[in-house]
Amino acid sequence: MKTKFFKSVMPFLVMILAIGLSFAMDAKTSTTMGYYLDPALGVQSVPIGIECQPRTGFNCEFDGFQLYAEMELMNPLRKLNP
C-alpha cells in the first residue's frame with residue numbers, strides 16, 4: 001500500500017515542488033550607473049546597460065549629455081556601435 005501511494009503521489013509532489021522553486025528563483029539583473037552633468041541640476045545618475053564601457057569608441061550619451069563611470073566625471077563611457 002505504501003509503495004502504491006508513493007508511486008502515484010510522488011510525481012505530483014515533484015512537479016509542485018519544481019513549479020514552486022521556479023517562482024522562488026529570481027534572476028539577478030546587473031545594472032550599473034552612469035553619471036552626467038546637467039547644467040541645471042548638477043551631477044545626475046542614470047542606469048545604463050552593458051553596452052557603455054570605459055573603452056575607446058563612440059560617446060555613450062543620455063539626452064545629449066556625455067555619460068561618465070563615476071560621480072567625479074573623470075572617465076567617460078563609450079560604446080563600440082553608435
Side-chain angles (χ1 to χ4, degrees):
M1 172 135 159
K2 287 183 181 180
T3 306
K4 186 177 179 183
F5 176 75
F6 282 124
K7 284 184 179 180
S8 62
V9 174
M10 191 61 84
F12 295 111
L13 292 176
V14 169
M15 287 177 38
I16 290 172
L17 180 67
I19 292 171
L21 288 177
S22 69
F23 287 112
M25 301 296 172
D26 187 21
K28 292 205 171 203
T29 55
S30 168
T31 57
T32 43
M33 299 300 285
Y35 302 93
Y36 65 95
L37 179 62
D38 189 335
L41 302 173
V43 176
Q44 300 292 312
S45 64
V46 63
I48 58 172
I50 59 171
E51 68 274 358
C52 292
Q53 300 290 328
R55 60 179 175 222
T56 60
F58 298 99
N59 289 341
C60 197
E61 297 179 348
F62 176 76
D63 285 341
F65 298 111
Q66 171 67 44
L67 290 175
Y68 294 91
E70 69 284 325
M71 291 187 73
E72 291 78 24
L73 307 177
M74 298 296 288
N75 297 321
L77 293 173
R78 306 201 181 264
K79 57 185 172 181
L80 293 177
N81 298 327

Please give me the minimum heavy-atom distance between [X] and [Y], naming the atom from each residue.
X: E70; Y: Y35; answer: C-CD1, 3.4 Å
X: L77; Y: I48; answer: CD1-CD1, 3.4 Å
X: Q66; Y: P76; answer: NE2-CB, 3.5 Å
X: V46; Y: L67; answer: CG1-CD2, 3.7 Å
X: R78; Y: G57; answer: CD-O, 3.6 Å
X: Y68; Y: L73; answer: CD1-CD2, 3.4 Å

Item to check | Contacts of V14 that satisfy side chain to side chain contact (heavy atoms under 4.5 Å, CB included) - sequence neighbours left out | outcome: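 Testing V14 for side chain to side chain contact (heavy atoms under 4.5 Å, CB included), a comparison that skips the adjacent residues, returns M10.
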
Measure the [atom1]-[atom2] distance between [X] and [Y] for me, rounded to the nearest 0.5 Å.
X: K79; Y: T56; atom1: NZ; atom2: OG1; answer: 14.5 Å
X: L80; Y: Q53; atom1: CG; atom2: CD; answer: 9.0 Å
X: Y36; Y: Q44; atom1: OH; atom2: CD; answer: 5.0 Å

Item to check | Heavy-atom check, side chain of V43 versus side chain of E72, under 4.5 Å | outcome: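 Side chain of V43 against side chain of E72, heavy atoms only: no contact under 4.5 Å found.
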
Item to check | Side chain to side chain, F65 and P39, heavy atoms closer than 4.5 Å | outcome: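 A side-chain contact exists here, since the closest heavy-atom pair is under 4.5 Å.
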
